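Structure record follows, encoded as structure tokens.
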Number of protein chains: 4
Amino acid sequence: MSPASKDGSDQPVRPRVEGERELEILDATVQILAEVGYDLLTMDAVATRAKASKATLYRRWNGKPALVLDAILSQKERHDLPDTGSLRGDLLALTCGMGGLTDGTQVAILGSLITAVSRDREFADIFHRDFIGPKAEQNRQVFVRAQERGEIPRDLDLDVLVPALPAIILHRLFLLGDPPTEELITRVIDQVILPAVHHRGTPTPEPEGTR
Amino acid sequence: MSPASKDGSDQPVRPRVEGERELEILDATVQILAEVGYDLLTMDAVATRAKASKATLYRRWNGKPALVLDAILSQKERHDLPDTGSLRGDLLALTCGMGGLTDGTQVAILGSLITAVSRDREFADIFHRDFIGPKAEQNRQVFVRAQERGEIPRDLDLDVLVPALPAIILHRLFLLGDPPTEELITRVIDQVILPAVHHRGTPTPEPEGTR
Amino acid sequence: MSPASKDGSDQPVRPRVEGERELEILDATVQILAEVGYDLLTMDAVATRAKASKATLYRRWNGKPALVLDAILSQKERHDLPDTGSLRGDLLALTCGMGGLTDGTQVAILGSLITAVSRDREFADIFHRDFIGPKAEQNRQVFVRAQERGEIPRDLDLDVLVPALPAIILHRLFLLGDPPTEELITRVIDQVILPAVHHRGTPTPEPEGTR
Amino acid sequence: MSPASKDGSDQPVRPRVEGERELEILDATVQILAEVGYDLLTMDAVATRAKASKATLYRRWNGKPALVLDAILSQKERHDLPDTGSLRGDLLALTCGMGGLTDGTQVAILGSLITAVSRDREFADIFHRDFIGPKAEQNRQVFVRAQERGEIPRDLDLDVLVPALPAIILHRLFLLGDPPTEELITRVIDQVILPAVHHRGTPTPEPEGTR
DNA sequence: CAATAAACGAGACGGTACGTCGAGTCTTCCT
DNA sequence: AGGAAGACTCGACGTACCGTCTCGTTTATTG
């Protein structure tokens with residue numbers, strides 16, 4: 001993300017206080033983000049708050065989306081993978097826990113970034129890799145462990161099943177205007193996810209005669 | 001598309017036969033939308049194209065999101081509810097058909113509007129009621145008919161199940177960067193939706209002892 | 001002052017007695033003029049106040065300057081020509097009296113109209129004929145009577161002398177920022193006007209041999 | 001006109017050598033002023049012509065009047081005080097010379113500014129101090145020198161006499177629609193100014209009995 | 001340890017879109 | 001028939017933010 005930094009592979013390199021300055025800027029960004037939201041955040045505001053010049057911001061980041069994304073990523077403390085012993089418990093813990101979908105701030109920011117995602121290819125790539133990727137991987141781990149425990153079949157189409165839970169929750173939030181609650185998450189897990197993973201039999205069978 | 005416009009049968013210029021002028025503006029909006037996309041669409045461009053003044057635009061619409069939303073809604077020709085005789089067939093037809101999730105243009109605009117949705121309460125209400133609402137109702141009808149046919153249980157939690165399919169597809173598109181295909185939609189239906197609706201038994205079973 | 005009101009029977013509203021409606025509009029114009037001044041007066045405001053449509057305004061007047069000018073003219077009650085028996089007394093009375101140069105409102109509006117005068121030929125003609133003309137004629141009368149009394153010579157260049165007093169006063173107001181007072185007017189009369197009219201002898205005399 | 005600009009000695013574009021950019025903008029303003037006049041001059045036009053952004057204009061100047069005034073002031077080359085040896089000659093030279101009242105451009109601009117003067121207090125102050133002031137001082141000098149030569153009395157009320165000539169000329173132009181000519185100026189000098197300055201005797205005498 | 005060249009803060013700049021406002025025209029409806 | 005009502009086009013306004021740029025000024029190696 002942060003270009004021209006830590007790799008130290010090119011010119012004599014002799015930047016500033018190394019990545020420390022960068023962190024201050026990212027902090028300022030996160031603060032403003034929390035205060036006014038993505039859209040009302042301006043590069044000028046970040047520059048002022050961080051006592052940096054806009055030139056510095058643009059030297060390091062492509063623009064507002066990249067900066068904000070980086071700022072969010074910098075906040076990522078590794079949220080430990082929960083281990084409750086059951087798929088259901090793990091999903092609940094992961095989804096409702098810190099950094100999960102009930103975390104209003106993160107989710108609000110997420111909404112703000114969707115616009116940027118759908119129009120900036122490069123930004124989208126970074127977003128998918130560094131922001132969505134790790135979260136998705138955690139979710140996948142929960143399913144893989146359940147497979148290893150024998151709780152669910154090994155031949156499930158995890159590519160489809162793993163993102164289903166966050167998908168349904170976020171869809172309700174963004175498109176239906178229905179903010180996530182633990183109760184809702186429970187309903188989705190019990191009525192969609194668990195039936196789907198426990199489903200045994202012909203996965204794609206009946207073309208004509210359903211009954 | 002442009003309904004009662006430019007038939008060119010009479011005097012020089014003469015707008016205003018009630019909402020006719022409005023439709024011309026919405027048409028211009030849709031054209032520009034198709035040409036340059038939501039972000040590069042400017043109010044000035046719409047005004048110029050429609051030979052309207054910006055004052056007129058702002059007299060009728062709150063701003064760009066409202067105008068664009070209205071423009072899209074004006075394009076809504078009633079897509080007939082498919083009736084294939086099975087839930088699976090109906091879902092496939094509805095989701096892949098015209099105005100469904102494989103319609104790239106609509107979906108791209110959708111992404112652009114999410115920002116506005118999560119920021120403007122009033123806009124969100126209109127969006128939910130007039131844009132999402134009708135689509136959701138169609139989806140619900142498909143499930144209700146399946147219930148009436150006895151194909152699926154009557155005690156399903158449709159509030160959760162109905163939006164699940166679009167949720168998963170759109171989530172893949174917006175957050176995972178995975179554009180919808182018919183093949184994907186089929187997988188989701190067969191591996192998530194149908195198992196969930198056919199799932200019989202304890203809907204929320206193992207509270208404590210999963211193992 | 002306010003015409004169209006004197007009948008006192010107004011309530012039921014009943015326009016269109018030819019020039020009566022016009023007077024109501026001019027009254028509204030004068031009111032607004034007094035309240036907010038020329039620049040902040042809008043045609044919409046006049047239309048609203050007079051319960052007229054803008055179309056009506058533009059049907060009768062060319063635009064804002066013409067309307068305002070007409071409104072001012074409508075206020076013109078014939079200010080009687082003073083007759084104090086001396087040129088000096090007449091000038092003082094005329095210049096300081098009602099409708100004279102110490103009337104702040106009229107003078108302020110005058111300033112606003114100068115722009116229009118120097119830009120709109122047609123407007124300028126009306127302005128000169130109907131606004132300036134009568135005032136100038138009154139001033140001229142004062143001089144003519146003085147000539148008839150034998151107080152001043154008959155061969156004076158009145159075209160130059162008559163406008164000199166208002167010229168000097170208005171110049172001080174508009175360009176020097178020095179508002180008119182009776183004291184100032186007195187000084188100008190005594191030190192410029194009277195010396196000039198009493199000047200007898202070589203009109204263009206001295207230094208090198210002008211004649 | 002454009003003072004220290006485009007010496008073209010170095011790289012492509014590179015403004016900002018202190019007030020140099022400002023002068024370019026003022027030059028553009030003067031050009032447009034000469035072409036279309038004050039009222040038809042728009043900030044956008046100035047911005048475009050000067051290849052500046054409107055933000056830059058508004059960063060430095062309050063608005064159109066301030067910009068235009070500054071532009072005019074920037075054009076002020078010191079017009080040397082004429083010295084013909086007589087008051088009459090000096091007045092003629094000064095009034096008819098460069099920057100005098102027969103200079104159509106300057107006078108046109110003057111007319112345009114009167115409106116602004118009579119409604120913007122701050123603008124009026126600057127206008128009086130920086131535009132009118134220097135010109136008035138030159139006129140006063142002519143009279144003072146005449147006094148020093150003994151050509152005219154030392155106890156004249158110069159505050160009234162000095163502005164009288166321009167007052168009368170401008171009044172004829174703006175309010176009577178009579179453009180200045182050298183012939184007119186001569187008449188005013190000979191029939192008003194000179195009689196007034198040579199007037200000997202009671203300056204403000206006869207209160208009641210003129211006859 | 002001074003010279004030097006990168007990176008920096010500050011913030012002006014060109015550009016573009018915004019949303020508002022007033023002028024003057026035009027159409028519809030009402031009386 | 002004619003006027004009130006007010007929507008309409010046009011175009012200027014003044015503001016905001018973006019991303020670039022040019023200034024001095026640090027700052028940390030390098031000579």
Side-chain angles (χ1 to χ4, degrees), chain A residues 4 11-18 21 25 39-48 50-64, chain B residues 11-18 21-22 25 39-48 50-64, chain C residues 13-16 21 39-48 50-65 67, chain D residues 11-18 21-22 25 39-48 50-64:
Chain A
Q11 304 85 352
V13 258
R14 171 194 10 77
R16 240 343 255 244
V17 199
E18 194 52 27
R21 190 74 191 86
I25 293 173
D39 297 294
L40 296 183
L41 174 148
T42 67
M43 297 302 269
D44 288 75
V46 173
T48 301
K51 284 203 152 301
S53 85
K54 284 202 294 171
T56 302
L57 302 188
Y58 283 99
R59 215 174 283 125
R60 296 192 195 253
W61 294 278
N62 250 340
K64 183 164 135 176
Chain B
Q11 303 85 353
V13 279
R14 168 207 26 86
R16 185 108 37 87
V17 191
E18 199 35 36
R21 191 74 190 88
E22 189 168 308
I25 294 173
D39 297 295
L40 295 184
L41 174 148
T42 67
M43 296 303 269
D44 288 76
V46 173
T48 301
K51 282 205 152 299
S53 80
K54 282 200 295 172
T56 300
L57 303 188
Y58 283 101
R59 207 177 292 124
R60 294 189 193 263
W61 295 277
N62 250 340
K64 185 164 134 175
Chain C
V13 274
R14 154 212 25 83
R16 186 109 37 84
R21 190 76 191 86
D39 298 295
L40 295 184
L41 175 148
T42 67
M43 296 303 268
D44 288 76
V46 173
T48 301
K51 283 204 152 302
S53 85
K54 283 202 294 170
T56 302
L57 302 188
Y58 283 100
R59 212 174 287 125
R60 295 190 195 258
W61 294 277
N62 248 340
K64 182 164 137 175
L67 171 60
Chain D
Q11 304 83 356
V13 279
R14 167 206 28 84
R16 182 109 37 88
V17 190
E18 198 38 38
R21 192 72 190 86
E22 190 169 306
I25 293 173
D39 298 292
L40 294 183
L41 174 147
T42 67
M43 297 302 270
D44 288 75
V46 173
T48 302
K51 282 205 153 299
S53 81
K54 281 200 296 171
T56 299
L57 302 188
Y58 284 102
R59 211 176 286 124
R60 293 189 193 265
W61 294 278
N62 251 342
K64 185 164 132 176

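So you know, we letter chains A, B, ... as the sequences are listed, proteins then strands, and number each from 1. Every value quoted in this text rests on a predicted model; they were computed, and no experiment measured them.
Map B:Ala52 and D:Asn62 each onto its nearest nucleotide of DNA chain F; the residue landing nearer the 5' end is B:Ala52.
Regarding B:Trp61, its CH2 atom lies at a distance of 18 Å from the C1' atom of E:dT20, rounded to whole Å. Look at CG on D:Leu57: it is 10 Å from P on F:dG14, rounded to the nearest Å. The CD1-C1' distance, from D:Ile25 to E:dA12, rounds to 11 Å in whole Å. In this structure, the NZ atom of D:Lys51 is 14 Å from the C1' atom of E:dT16, given to the nearest Å.
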I'd like a table of atom pairs between the protein and nucleotides 15-18 of chain F - only N or O on both sides, under 3.5 Å - with the distance next to each one.
unit_1	atom_1	unit_2	atom_2	d
F:dC18	OP2	A:Met43	N	2.9

Verdict with supporting geometry, C:Met43 and C:Leu67, side-chain contact (heavy atoms from CB on, under 4.5 Å):
CA-CA 9 Å; C:Met43 296 303 268; C:Leu67 171 60; 4.0 Å; yes
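In terms of phosphate contacts, C:Thr56 brings a side-chain nitrogen or oxygen within less than 4.0 Å of OP1 or OP2 of F:dA4. At F:dG2, none of the side-chain N or O atoms of C:Arg60 fall inside 4.0 Å of OP1 or OP2 (strictly under the cut-off). Between E:dG14 and D:Arg21, a contact under 4.0 Å exists linking OP1 or OP2 to a side-chain N or O.
The salt bridge (charged side-chain N to carboxylate O under 4.0 Å, His left out) test applied to B:Lys64 returns no partner, not counting sequence neighbours. Taking the side-chain hydrogen bond (donor to acceptor under 3.5 Å, both in side chains) definition, one finds that B:Thr48 meets it with nothing, sequence neighbours left out. Annotation: side-chain hydrogen bond (donor to acceptor under 3.5 Å, both in side chains) contacts of A:Thr42 (sequence neighbours excluded): none. Applying the side-chain hydrogen bond (donor to acceptor under 3.5 Å, both in side chains) test to D:Asn62 and every residue at least two apart in sequence or in another chain returns nothing.
Considering every non-hydrogen atom in both D:Ala50 and D:Arg21, the closest pair reads O-NH2, 2.6 Å.
B:Gly63 comes within 4.0 angstrom of no nucleic acid atom, judged by non-hydrogen atoms across all strands.
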